Amino acid sequence: MPIAKQRIMPCLWFDGEAEDAANFYCSIFKDSRIGTISRYGKEGYEKHGRKPGSVMVVAFELEGQKFVALNGGPQFKFSEAISFQIHCESQKEVDYFWSKLSQGGEEGPCGWLKDKFDLSWQVVPTALIEMVTDQDPVKVQRVTKAFLQMKKFDISALKRAYEGQNP
């Protein structure tokens with residue numbers, strides 16, 4: 001897998017965990033793989049300060065989406081301003097991705113979590129997307145009220161709110 005084959009590719013900046021992070025993500029997502037790994041050389045040491053032979057860039061792919069993980073140093077950190085959404089067809093998928101990605105990380109509100117590398121993810125049921133885009137504003141408001149109270153989404157509870165049933 002060449003590093004720059006995809007026109008637009010997210011580049012994730014790590015201090016020194018690029019390879020560990022790529023392996024972690026590939027262990028969670030089906031149809032994933034590690035691609036090219038490039039390493040720092042002696043050239044540019046005065047700029048990058050990395051040991052020659054240490055990992056510089058890891059190309060990896062998760063379910064068809066290509067990424068680059070860069071060991072760039074401690075200057076930049078992830079924030080919630082950027083997150084990756086995982087659209088889930090079932091509660092089983094929601095539970096799977098939530099448990100795997102939040103392990104060693106931090107659960108947040110409304111389907112958001114940070115993984116152990118502080119990268120933000122949104123684990124979102126496709127049913128929720130359908131519900132909040134319904135033409136009936138009353139249904140949308142009930143679902144919104146329900147999901148605002150959740151961390152990990154509960155599809156059954158969301159459907160009950162959508163249908164106007166007591167939670």
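For clarity, every value in this text was computed on a predicted model and none was experimentally measured. The analysis underlying the following values was restricted to heavy atoms, covering all of them including side chains, and did not include hydrogens, waters or symmetry mates. Position 1 is the first residue of the sequence; numbering continues from there.
- The neighbour count for Ile82 CD1, taken as heavy atoms of other residues, nucleotides or ligands under 6.0 Å away, does not exceed 12.
- Here the side chain of Ser90 pairs a donor or acceptor atom with the backbone of Glu93 at under 3.5 angstrom.
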Under 3.5 Å, side-chain donor or acceptor atoms of residues 25-32 against the rest of the protein: list the pairs with distances, not counting sequence neighbours.
unit_1: Tyr25; atom_1: OH; unit_2: Asp115; atom_2: OD2; d: 2.5
unit_1: Ser27; atom_1: OG; unit_2: Phe24; atom_2: O; d: 2.6
unit_1: Ser32; atom_1: OG; unit_2: Cys26; atom_2: O; d: 2.8
unit_1: Ser32; atom_1: OG; unit_2: Phe29; atom_2: O; d: 2.7

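- Under the 4.5 Å side-chain heavy-atom criterion for Ile, Leu, Val, Met, Phe, Trp and Tyr, Ile155 and Phe97 are members of the same hydrophobic cluster.
- The existence of a salt bridge linking Glu163 and Arg142 is excluded, since no basic side-chain nitrogen approaches an acidic carboxylate oxygen closer than 4.0 Å.
- For the residue pair Asn71 and Tyr40, no side-chain donor N or O sits within less than 3.5 Å of a side-chain acceptor on the partner.
- Taking the six-membered ring where the residue is Trp, Phe84 and Trp121 present tilted rings, their angle falling between 30° and 60°.
- Salt bridge status for Asp15 with Arg50: present, with a side-chain N to carboxylate O gap under 4.0 Å.
- Looking at Lys152 and Val123, their side chains never come closer than 4.5 Å, going by heavy atoms from C-beta outward.
- Ile86 and Val124 end up in different hydrophobic clusters when Ile, Leu, Val, Met, Phe, Trp and Tyr side chains are linked at under 4.5 Å.
- Under the 3.5 Å distance criterion, with hydrogens and angles disregarded, a donor-acceptor pair is assigned to the side chains of Ser83 and Gln122.
- One hydrophobic cluster holds both Met131 and Met150 under the rule that ILVMFWY side chains link at heavy-atom gaps under 4.5 Å.
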